[in-house]
Number of protein chains: 2
Amino acid sequence: MLDDDVKSLSKTHQRCSSCPVRHRAVCSKANADELALLDTVKFYKTYQPGQTIALRGDALEVLASVVTGTATLSQSMEDGRTQIVGLLLPSDFIGRPGRDTVAHDVTAVTEVTLCCFRRIPFENLMVDMPHVSVRLLEMTLDDLDAARDWMLLLGRKTAREKIASFLLLIANRSVMAGSDVTTQGIRIELPLSRETMATYLGLTIETVSRQFTALRKDGLISLDGTRTVVVPNFTALSAEVGDGE
Amino acid sequence: MLDDDVKSLSKTHQRCSSCPVRHRAVCSKANADELALLDTVKFYKTYQPGQTIALRGDALEVLASVVTGTATLSQSMEDGRTQIVGLLLPSDFIGRPGRDTVAHDVTAVTEVTLCCFRRIPFENLMVDMPHVSVRLLEMTLDDLDAARDWMLLLGRKTAREKIASFLLLIANRSVMAGSDVTTQGIRIELPLSRETMATYLGLTIETVSRQFTALRKDGLISLDGTRTVVVPNFTALSAEVGDGE
DNA sequence: CAACCGCCTTGACCGAGGTCAATGGCCGCT
DNA sequence: AGCGGCCATTGACCTCGGTCAAGGCGGTTG
């Protein structure tokens with residue numbers, strides 16, 4: 001994973017103390033000693049939008065935390081049908097200790113910066129970093145819950161419910177990140193194109209588009225350009241999701 | 001979780017040495033000391049087919065390994081639409097250390113026997129059982145992979161592909177468990193009713209039924225009663241799955 | 001042995017969402 | 001300004017799988 005031949009990537013080393021995901025990533029519970037250990041094996045890499053970060057079946061040499069940007073985890077069939085099985089956002093962890101191949105394709109959506117650890121040294125250090133392994137188990141359990149919630153969406157929700165669920169997911173996140181909440185409503189930037197959303201939601205691009213216009217005509221959202229959505233009434237949109245949030 | 005008031009459950013204590021899942025469950029890497037620790041907090045419980053083992057939102061007081069039988073993990077919407085998000089088979093682990101509520105409904109499909117651990121003592125013991133925590137992380141990562149594979153099935157596969165995938169899943173498992181492989185083909189017992197399969201595959205019961213007859217008419221399977229399937233040509237059925245197995 | 005019940009199958013119909021194709025905006029480039 | 005590329009939207013049509021409804025089959029009960 002993490003192809004070394006790519007021209008566009010930069011390698012820098014940053015202080016953990018100024019890291020934007022210091023308090024949420026796999027290292028969030030690490031003490032000073034543990035951070036010092038991590039520091040000995042970590043390095044940064046940057047990927048451009050659309051760039052492949054890793055392919056299913058590749059040798060798994062590097063584990064990483066997302067520092068900035070958005071990436072996708074996806075799974076494909078031979079005929080090209082593909083399903084995004086996870087969104088990777090800042091603080092999310094990529095790769096699995098104890099495995100030697102990559103399980104899913106990883107692709108950069110925006111520009112992505114990773115904080116990387118070579119796998120073998122990281123695994124060896126894990127026994128000396130109990131807070132890191134505990135945090136990793138915790139994050140993996142969270143990912144598992146998220147994956148299972150998404151299974152309900154993929155298997156049972158209608159197109160409209162899928163779009164509403166997705167918008168609320170992004171809205172919740174961007175509110176947490178401290179974005180625009182005005183009297184006009186909540187203003188959110190979509191990190192994904194229509195096509196990527198479709199791949200995430202198990203829909204086609206046309207259906208995504210049609211549902212956006214349907215929600216707009218029903219007054220549940222308004223669009224400012226193609227990537228900015230204003231949600232005037234959060235509760236009204238929540239009612240479209242189908243389940244109890 | 002694990003309702004204590006139910007009449008039909010039995011509580012026994014068994015020797016780990018004769019446990020059928022000793023080499024695959026969360027305790028599989030435990031040494032003698034660790035097993036002795038587990039022994040101090042473990043007890044058995046049995047549930048009848050259809051019985052609820054735990055409900056989403058319940059206080060999570062007990063963690064458990066499935067010893068025998070089949071159970072489902074499921075997620076429901078207010079209007080009753082439900083999706084099975086995981087199958088629990090012998091050696092699978094239920095519950096998550098570090099959480100205090102149940103995340104998904106757990107239901108017995110067949111008679112189920114669990115090897116239970118009270119959560120708090122188990123969590124406290126975890127620090128003294130490194131092999132158990134490592135194994136738990138490993139199993140959780142496997143579950144996550146399985147969940148993500150299932151997302152591809154739910155989001156992108158046709159009804160026929162879903163059924164074929166499911167049959168191969170069960171076939172693979174029953175071959176591993178050492179079941180009937182004759183010159184007539186592989187004989188498999190379905191652990192689930194049509195309805196439960198439908199809930200697992202994101203289909204309706206009618207569609208499941210129709211696809212079974214379609215596969216039968218195409219000579220890919222033959223049915224012996226309603227719960228026994230014979231697969232004469234494993235490779236031919238594999239071709240119906242759509243992806244590279 | 002008839003009545004019943006749970007589960008499965010089959011048929012007729014319908015509709016949500018996929019497919020195919022044309023059109024429209026936005027932006028950078030010359 | 002004009003052109004071309006990319007992405008999004010819209011429309012017309014079709015199909016897969018859902019819905020509704022009617023049996024069928026096997027096992028159990030009186």
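Note: hydrogens, waters and symmetry copies are ignored here, and every other heavy atom, side chains too, is used.
B:Gln211 places its CD atom 10 Å from the P atom of D:dG18, with the value rounded to the nearest Å. Separating the CD atom of B:Glu206 from the P atom of D:dA21 is a distance of 12 Å, rounded to the nearest angstrom. Whole-Å rounding puts the A:Leu154 CG to D:dG17 C1' distance at 17 Å. As rounded to whole Å, 11 Å separates atom P of D:dG18 from atom CG of B:Leu201. Here D:dC16 presents its C1' atom at 15 Å from CZ of B:Arg156, a figure rounded to the nearest Å. What separates NZ of B:Lys157 from P of D:dC16 is a distance of 18 Å, to the nearest Å. B:Met197 places its CE atom 17 Å from the P atom of D:dG17, with the value rounded to the nearest Å. The CG atom of B:Asp224 sits 16 Å away from the P atom of D:dC25 (whole-angstrom rounding).
Looking only at atom types and distance, the side chain of B:Gln75 has no donor-acceptor partner in the side chain of B:Asp105 under 3.5 Å away. Side-chain atoms of B:Lys45 and B:Thr113 include no donor-acceptor pair closer than 3.5 Å.
Of all the heavy atoms in A:Leu201 and A:Ile163, the pair that sits closest is CD1-CD1, 3.7 Å.
Look at B:Thr213 and you'll find a side-chain N or O under 4.0 angstrom from OP1 or OP2 of C:dT10. At D:dG18, one or more side-chain N or O atoms of B:Thr207 fall inside 4.0 Å of OP1 or OP2 (strictly under the cut-off). Contact check, A:Arg210 against D:dT10: no side-chain N or O comes under 4.0 Å of OP1 or OP2. Listed pair A:Ser209 / D:dT9 meets the phosphate criterion, a side-chain N or O lying under 4.0 Å from OP1 or OP2. Here B:Thr226 does not reach the OP1 or OP2 of C:dC7: none of its side-chain N or O atoms lies under 4.0 Å away.
Checked for salt-bridge contact, A:Arg96 and A:Asp143 miss the test: no charged N lies under 4.0 Å from a carboxylate O.
Closest contact between the side chain of A:Ile205 and the listed nucleotides D:dA8, C:dC8, D:dG17 involves D:dA8.
Contact annotation: the side chain of A:Arg227 never approaches that of A:Leu223 to less than 4.5 Å [non-hydrogen atoms, C-beta and beyond].
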